[in-house]
2 protein chains.
Amino acid sequence: MDTLFKNFIDYFSTNQQLTELTKAEICKHLSILNLDKKHVLIKENQRHDFAYFVIKGAARSYYLKDGVEINTWFALENDMLGSLQNFQDKPSRETMEVIENSTLISINLKQIKPLMFSNIEIANFINAIITDYALFLEDKVYFSQMMSSMDRYLILLDKEPELFQRIPLTYIASYIGISRETLSRLRAKKTL
Amino acid sequence: MDTLFKNFIDYFSTNQQLTELTKAEICKHLSILNLDKKHVLIKENQRHDFAYFVIKGAARSYYLKDGVEINTWFALENDMLGSLQNFQDKPSRETMEVIENSTLISINLKQIKPLMFSNIEIANFINAIITDYALFLEDKVYFSQMMSSMDRYLILLDKEPELFQRIPLTYIASYIGISRETLSRLRAKKTL
DNA sequence: CGAGGCCTTGACCGCGGTCAATGCCCGTGG
DNA sequence: CCACGGGCATTGACCGCGGTCAAGGCCTCG
């Protein structure tokens, strides 16, 4: 098995031991992609059969609000990127694109999904990914209501300092839920 | 099998056929509760082994922000109520309480969860519930960023008119993400 | 009849959005 | 090697949405 695939599989199988047979089965539906910055992976309002896992590089997910990009997620190394809507065979609400030259694993959802109903390990593997996502969304909702914009900035800075090295502040601002200008002012105020 | 249990099971098994054996297995970990208004089901910051499904009545989930209740979910008939954090064996961030005299199914998470790894139908049954929840959260995030407060009010009014008959506006306001007073003003403006 | 719960309305004000100008860094081409 | 342009961040001026505080109205229930 490709050692890169192994990383991905291990990452979402901390709650169960996968047999070699199952791992091999999953690998059949994975492949490696090398993509340049600005390559678009998933387009808004389109059905799409793949999700991705970042080996090296970075990607983002965003949608348009009145012509302005609102970023909803930045995937760095060992992060998943994909649309649950796509997994449900519905069109993605978001556009996803690579923002650094990157190496990704692509996961063929169309092929893997039916295996949930015949292979219990795969069912729980997928379940782990979805549960992870639900917990991420719960946090997102909670923090966006509970915290002031300054708090959200400071928490992100604390938990994901790498983002600030690699992602333009313009993108990060909309991720936190504020305008570019407001983020700039928060940063100025903080260092007083 | 109790016909009330059947409703619950059917509700989350539209994507697969469950054998009678599995249904019976699930039922072993369900029970019926009749509770009065104001009964607290789950307390903030506590571990808890149960999730709930509303047969008849209503319940809500909320947390405190600076001493003010922020409502995050209203469960009416055929809705789930519970904490994914609890399912992960962590303390719930939210308090959940019954707000009408209600009949609920309680689901013993501690007992059902391990079955995911031995019974594939149960794995997919639970997966359906979690996926449902993730999609709900996705919508919540999307609408809270994408829509103005007026839009959020109108959409909720359109999609869940029953809430407005059964839930105090004070609760609904924080669910939409605005103060009681602002909701009041939106309603006044709308009927001009 | 009085008290408490809930909703509404008014006055005030601060956070953060928009628009516009400026600064800074860096890559490209003359 | 320098000049120009584009991408990104910052700063200032302005203002509107929605939060807070406070008062008042209207049910319902004991």
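Excluded from the calculations below are hydrogen atoms, water molecules and symmetry mates; all remaining heavy atoms, backbone and side chain alike, are included.
- With dA13(D), dC8(D), dG19(D) as the choices, the nucleotide that has an atom nearest any side-chain atom of Thr170(A) turns out to be dC8(D).
- A donor-acceptor contact closer than 3.5 angstrom links the side chains of Asn71(B) and Ser174(B).
- Within 4.0 Å (heavy atoms only), Ser149(B) reaches sugar-phosphate atoms of the nucleic acid but no base atom.
- Following rounding to the nearest Å, Glu181(A) (CD) and dC19(C) (P) show an atom-to-atom distance of 10 Å.
- Regarding Glu69(A), its CD atom lies at a distance of 13 Å from the C1' atom of dG7(D), rounded to whole Å.
- Protein atom CZ of Arg185(A) is 13 Å distant from nucleotide atom P of dC14(D), rounded to whole Å.
- Both the sub-6.0 Å distance and the 45° axial angle are not jointly satisfied by Arg187(B) relative to the ring of Tyr153(B).
- Going from atom CZ of Arg187(A) over to atom P of dT11(D) covers 10 Å, rounded to whole Å.
- The interatomic distance linking Leu186(B) (CG) with dG16(D) (P) rounds to 18 Å, in whole Å.
- Across the protein-nucleic acid pair, Lys189(A) atom NZ and dG16(C) atom P stand 7 Å apart, rounded to whole Å.
- For Tyr62(A) and Trp73(A), the gap between ring centers reaches or exceeds 6.0 Å.
- Between Thr182(A) and dG16(C) there is no side-chain polar atom (N or O) within less than 4.0 angstrom of OP1 or OP2.
- Between Glu162(B) and Arg166(B) there is a salt bridge, with a side-chain nitrogen of the basic residue lying less than 4.0 Å from a carboxylate oxygen of the acidic one.
- Here the P atom of nucleotide dA21(C) and the CZ atom of Arg180(A) are 15 Å apart, to the nearest Å.
- Regarding Ile172(A), its CD1 atom lies at a distance of 16 Å from the C1' atom of dT10(D), rounded to whole Å.
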